[in-house]
Amino acid sequence: MPIVTYILRDGERLELEVPAGISVMEAAVHNNVRGIDAECGGCLSCATCHVYVDASSVAQMPTPDEAELELLEGAATERRPESRLSCQLIMTPAMNGLVVRIPQKQG
Ligand code: FES
């Protein structure tokens, strides 16, 4: 099963097995990962699931669509080139080893 590493605000690293078809946000919420609020539940309207994808993982990611890019403009922390909304990162076997860093605040 694909593995995702979440780097928490305090630097702690948490590895989760995330089944294909499940979003990085859903896995975080179901496992009580601190710092991914996901207030809208994944319907692309809150930006409180913002993560920074580690440089080692960027090439594995699907391209964000316009709606995601627009919503990222309203993220509570600085938007960077590696910013993504974790509800839009749906796991595939090719994404195994994904590393995401949780920003200092979400709202
Ligand atoms: Fe609201 Fe991702 S959970 S935009």
Side-chain angles (χ1 to χ4, degrees):
M1 197 178 297
I3 301 285
V4 177
T5 300
Y6 299 81
I7 303 177
L8 308 185
R9 291 173 179 157
D10 62 4
E12 180 185 352
R13 298 171 73 95
L14 192 60
E15 281 190 0
L16 295 180
E17 290 186 343
V18 181
I22 299 295
S23 75
V24 172
M25 175 279 282
E26 289 173 298
V29 169
H30 292 156
N31 288 281
N32 299 314
V33 174
R34 301 184 305 277
I36 295 186
D37 298 344
E39 289 173 2
C40 78
C43 66
L44 203 52
S45 64
C46 73
T48 62
C49 63
H50 182 200
V51 294
Y52 298 118
V53 174
D54 189 83
S56 63
S57 302
V58 167
Q60 301 163 263
M61 295 303 103
T63 305
D65 64 17
E66 281 303 316
E68 180 181 350
L69 292 172
E70 193 172 310
L71 195 55
L72 276 166
E73 294 292 338
T77 49
E78 174 194 9
R79 180 184 170 189
R80 302 176 190 162
E82 68 272 27
S83 287
R84 295 298 303 262
L85 295 177
S86 58
C87 68
Q88 301 304 299
L89 298 176
I90 310 299
M91 286 305 291
T92 66
M95 291 163 65
N96 183 37
L98 170 63
V99 178
V100 297
R101 183 177 298 274
I102 296 173
Q104 286 304 312
K105 63 178 183 174
Q106 294 284 14

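The shown structure was predicted, so the numbers you read here are calculated from the model rather than taken from an experiment.
- Here the shortest heavy-atom pairing between A47 and A75 reads CB-CA, 4.2 Å.
- When every heavy atom of S23 is checked against every heavy atom of C87, the shortest pair comes out as CB-O, 3.7 Å.
- Considering all non-hydrogen atoms of both residues, S56 and D54 come closest at OG-OD2, 2.6 Å.
- Scanning for side chain to side chain donor-acceptor pair (under 3.5 Å) contacts around T63 gives an empty result, with sequence neighbours left out.
- Here the shortest heavy-atom pairing between P93 and P2 reads CA-CG, 4.1 Å.
- When the salt bridge (Lys or Arg N to Asp or Glu O under 4.0 Å) test is applied to E26, no partner is found at least two apart in sequence or on another chain.
- A 6.0 Å sphere centred on CZ of R79 holds more than 12 heavy atoms belonging to other residues, nucleotides or ligands.
- In this structure, S45 contributes its side chain and C40 its backbone to no donor-acceptor pair below 3.5 Å.
- Judged as a side chain to side chain donor-acceptor pair (under 3.5 Å), and not counting sequence neighbours, Q88 has no contacts.
- A donor-acceptor pair under 3.5 Å is formed between the side chain of D65 and the backbone N or O of A67.
- For the pair S86 (side chain) and C49 (backbone), a donor-acceptor distance under 3.5 Å is present.
- Between the side chain of R84 and the main chain of H50, no donor-acceptor pair closer than 3.5 Å is present.
- Applying the side chain to side chain donor-acceptor pair (under 3.5 Å) rule to Q104 yields no partners; only residues at least two apart in sequence or on another chain are considered.
- Remark: E66 pairs with no residue by the salt bridge (Lys or Arg N to Asp or Glu O under 4.0 Å) rule, at least two apart or across chains.
- Through direct or relayed side-chain contacts under 4.5 Å between Ile, Leu, Val, Met, Phe, Trp and Tyr, Y6 connects to V4, L8, L14, L16, V18, I22, V24, M25, V29, V33, I36, V51, V53, V58, M61, L89, M91, M95, L98, V100, I102.
- Of the possible polar contacts, one joining the Q60 side chain to the N96 backbone as a donor-acceptor pair under 3.5 Å is found.
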